[in-house]
Amino acid sequence: DQSHVSDFLCVLPVYIMACSEMLVLVGESYATRLWCVWELSVLFSFAAERNAAERIQLLCLTSTSDALERLATFDVACARCYDPNQQARLRAAI
C-alpha cells in the first residue's frame, strides 16, 4: 500500500526474515532503486553474511556479468525513490 509506506518499513524485516529464500530479480535499474537496496540491506543486517548470501536466489534479467557489475559497483548515493520523503527515510535507515 503506497499510502502507508512508513508502516511497511517497520514490518519489512519480519517478512524478509520469515522467508527461507529471497528472489532477487536484477535488471538494468535494480541497483538504482532504493527499495531494492533496502530489502537487501535488511536481509544482511538481520542474518549472518553467509546465511544471508545462501538465501538469495539471483535471477539476472540482463546479462549476468552486467548485473553483477552493477551490484559490485553499487553506491547508495546513486539509488533513488520516486517519493523524496521515502528516499530520505530509507537513506536514514540504511
Side-chain angles (χ1 to χ4, degrees):
D1 182 0
Q2 291 297 314
S3 62
H4 296 95
V5 172
S6 296
D7 297 338
F8 182 68
L9 279 174
C10 297
V11 296
L12 183 63
V14 175
Y15 288 123
I16 289 177
M17 296 315 296
C19 297
S20 59
E21 293 181 329
M22 181 177 184
L23 178 61
V24 177
L25 302 172
V26 181
E28 289 183 22
S29 65
Y30 185 86
T32 64
R33 290 184 284 154
L34 199 52
W35 274 107
C36 296
V37 174
W38 168 249
E39 292 170 351
L40 285 177
S41 174
V42 167
L43 178 61
F44 279 90
S45 294
F46 290 94
E49 185 174 342
R50 179 181 172 137
N51 179 268
E54 290 173 352
R55 291 170 61 182
I56 293 175
Q57 297 299 316
L58 189 70
L59 179 60
C60 299
L61 303 176
T62 59
S63 78
T64 302
S65 61
D66 287 347
L68 294 177
E69 176 66 23
R70 284 188 179 94
L71 289 175
T73 60
F74 166 75
D75 181 355
V76 73
C78 296
R80 304 272 185 263
C81 288
Y82 176 76
D83 181 337
N85 296 317
Q86 289 178 14
Q87 184 170 307
R89 294 186 79 137
L90 287 173
R91 285 180 190 265
I94 292 174

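We're numbering straight along the sequence, starting at 1.
- Taking the side chain as every heavy atom from C-beta outward, L40 and Y30 approach each other to under 4.5 Å.
- Distance CG/L34 to CD/E39: 10.5 Å, rounded to 0.5 Å.
- Taken from CG in L43 to CG in L12, the straight-line distance is 10.0 Å, to the nearest 0.5 Å.
- The OG1 atom of T73 sits 10.5 Å away from atom CG of L68, with the distance rounded to the nearest 0.5 Å.
- When the shell of 6.0 Å around CZ of F44 is examined, it contains more than 12 heavy atoms from other residues, nucleotides or ligands.
- Residues R70 and V26 have side chains not in contact (no heavy-atom distance under 4.5 Å, counting atoms from C-beta outward).
- Between D75 atom CG and T32 atom OG1 the span is 12.0 Å, to the nearest 0.5 Å.
- Remark: I16 CD1 to M22 CE distance equals 4.5 Å, nearest 0.5 Å.
- In terms of heavy-atom proximity, L90 sits nearest to C81 at CD1-SG, 3.5 Å.
- Atom CD of E54 is surrounded by more than 12 heavy atoms from other residues, nucleotides or ligands within 6.0 Å.
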| task | I would like to know whether R80 and R91 meet side chain to side chain contact (heavy atoms under 4.5 Å, CB included); could you show each step before the answer? | result | CA-CA 9 Å; R80 304 272 185 263; R91 285 180 190 265; 2.7 Å; yes
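- Residue E21 holds its CD atom at 11.0 Å from CD1 of I56, rounded to the nearest 0.5 Å.
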